[in-house]
2 protein chains.
Amino acid sequence: MALYVQKFGGSSVANIERIGQVADKVQRFHADGHQIVVVLSAMSGETNRLLGLAREISSSPSPREQDLLVSTGEQVTIALLAMALEQRGVPAVSMTGWQVPIRTDSAHGKARVQEIDGDHVRERLNAGSVVVVAGFQGVDLDGHVTTLGRGGSDTTAVALAAVLKADECQIYTDVDGVYTTDPRVVAEARRLDSITFEEMLEMASQGSRILQIRSVEFAGKYNVPLRVLHSFQDGPGTLITTEQETPMEQPIISGIAFNRDEAKLTIRGVADTPGVAFRILGPISAANIEVDVIVQNVAEEDNTTDLTFTVGRQDYEQALHILQQTGEELGARQVTGTTSIAKVSIIGVGMRSHAGVASRMFAALARENINIQMISTSEIKVSVVIDEKYTELAVRALHGEFGLDTPLVTRA
Amino acid sequence: MALYVQKFGGSSVANIERIGQVADKVQRFHADGHQIVVVLSAMSGETNRLLGLAREISSSPSPREQDLLVSTGEQVTIALLAMALEQRGVPAVSMTGWQVPIRTDSAHGKARVQEIDGDHVRERLNAGSVVVVAGFQGVDLDGHVTTLGRGGSDTTAVALAAVLKADECQIYTDVDGVYTTDPRVVAEARRLDSITFEEMLEMASQGSRILQIRSVEFAGKYNVPLRVLHSFQDGPGTLITTEQETPMEQPIISGIAFNRDEAKLTIRGVADTPGVAFRILGPISAANIEVDVIVQNVAEEDNTTDLTFTVGRQDYEQALHILQQTGEELGARQVTGTTSIAKVSIIGVGMRSHAGVASRMFAALARENINIQMISTSEIKVSVVIDEKYTELAVRALHGEFGLDTPLVTRA
């Protein structure tokens, strides 16, 4: 008998029929003798509907009131699923964030979980009930309802799994696992049986948006085995776990990620004085624009430097405007930018112990005549920025180069 | 500076525009220096929408889960109104039932308020905030969300007013006060400046369904001055209060109520033995059919008796079927019934000290050739059951007879 925390997202509980399908699935696990905690999101679209009502009233609604408002979305789905389970003869009880309680700080709209009291949940589990918990929400020390921010239901599930020492935290989604790369781009892309937390973090931040990054970090920190599964198809999914002790069996590269949602900006011919990077990027950050890749090369002979960085494509116009102002202030020679770029990354814990992975990547791209505009590396990742039109070509070339087209030895 | 509890029903918060109008009204009271607690219902239709979802899942959804589900309706409106107030520069904070907290028993769907802790509310009022409380809901000792049943928002408002010792509990509705009778039937019907709790109870149970009976009882018990006002029109409304010490200034009759939603059933020629009334009405109650007027006359010379009673018209067919069975068992001579009846009542605390009110009523009806089928009296009310087609004629005749066509001396 195992204890599972099972999280279902908004599209899995989008209507009464789907809620019934989730109940059927949970019922099977319960019938097999497992203890089940279900974590739910709001029906898809409901959170946006509620936020729309708030925006009709005020352009800057009180964060406290907004949290109380949107937290009703999950309250509805947990009550409905508990009813559906009881209708099937499965004892069930729903719990809101404050009923568990899930204690958070008071940062409305992006609260962080501080402490979960698992006693109520455990008591109900031991009495044989399925416990259905509202994701995405908590309560602060003053009794105000808080929300964890978008995707926070994953965090709720992982945090509950950690506190309850669950055997597995299962995240049910609209995909059947984590793939070596996007199957729409590379037909040979394969589902991974397992992936490490660190690799998953890099895959997620690179655009494989299956799991919320925070929840993966959280799972890694508390060593909660996390499994990504399809909501309505059977299958083993992908287990996200700590690094195996047998690196020799691991492939060097676990996956290829790519992101076409970025834009690139360059400022040229700026006097290379201490603090110049801050003077350039400070105003960008101040405008709440997130910067991803940053590359600054060594200074030119005339003691000026060039700096290039990428931002989300939706922020491009605003970032360009800010950078042009900064350029004037600093007497820059030129400010340029483009949105037609893509970032392609190879990811794998195996590259730590293998030299030459980056150069093998560059060679593969060169063979396809793909020019590399920027390079950025981390311990388990190498990213390049290239012309957007070569994205598919680059991903396919790298997928083949690193042996991902052929089945792996099953890991974990 | 006064402390007002102001309750707005579902049609007053049916959409964003109306919520804005409520905020405008509350803002004016706040600007005048008053302390304001607002109690809200869910947007009209929302509770039924949520109950519809529950019924799609289960024909008998768990009452606990159903309460958690429908309580989201008020949670949405309180958050939106608090936002609208803050948008207008009025400090405001919303509170759900559990946040106040409003403690109830555990009778889900029809919970009774047991205790309200007014400290949180008072603290916020003293800090200058408007406090917006979710009506209709509470929390039991185990932390389960409960609801007070339909119309329970009135009860929430009155209970809060009692605990906070509010100067007035104002119930905003779609009428501008309590009338001497239905203005659609008698053009001369007038708004009453005031009415006693007892009179209001009789008016309400007679079909003037402005206020929930329970909330009026509650207000009377705790001596909370209650005022009925129009949500979107200015005016003094009607104050519902304890009986004045100056009965000479009071009219004998405060209002005429009538009800066309009842049906009449008669069983004739039953042996007049002890317990016969119970044997007749027991099976009706057992079927959860509410009985209103009951009349049993003295036994006939052959020691048989007749019994007549009224039920809600929607229960007529079922009640007739039950009564026919009972009639066979008891060897009754005849079982008859009709739905074409109306009940007309005169109501007034003044009749306590005035003899002959009932006979004056009967005389007025006789002058119009209206036959009286049943008579039932209480200390402050006389009801008659008549043929439905004479309803308007009877109400108009009585309205004139008791001087309600002419303006009253203002009471209270």
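Per chain, numbering begins at 1; letters A, B, ... match sequence-line order.
Looking at A:V145, both its backbone and its side chain come within 4.5 Å of chain B, counting heavy atoms on both sides. The part of B:Q99 that comes within reach of chain A is its side chain, from C-beta onward, which places non-hydrogen atoms under 4.5 angstrom from that chain. Both the backbone and the side chain of B:H144 have a heavy atom closer than 4.5 Å to some heavy atom of chain A.
Here side chain to side chain donor-acceptor pair (under 3.5 Å) pairs that include residues 15-34 of chain B, with residues two or more places apart or in two chains, are B:D24-B:R88.
Other residues, nucleotides and ligands contribute more than 12 heavy atoms inside 6.0 Å of the CZ atom of B:R122. Within a 6.0 Å sphere centred on CZ of B:R103, heavy atoms belonging to other residues, nucleotides or ligands number more than 12. At most 12 heavy atoms of other shown residues, nucleotides or ligands fall within 6.0 angstrom of atom NE2 in B:H120.
The stretch residues 57-83 of chain B places B:I57, B:S58, B:S59, B:P61, B:S62, B:R64, B:E65, B:Q66, B:L68, B:L69, B:S71, B:T72, B:Q75, B:V76, B:I78, B:A79, B:L80, B:A82, B:M83 near chain A, each with some heavy atom under 4.5 Å from a heavy atom of that chain. Inspection of non-hydrogen atoms places B:A92, B:V93, B:S94, B:T96 of residues 89-96 of chain B under 4.5 Å from chain A.
The salt bridge (Lys or Arg N to Asp or Glu O under 4.0 Å) search around A:D142 returns none, not counting sequence neighbours.
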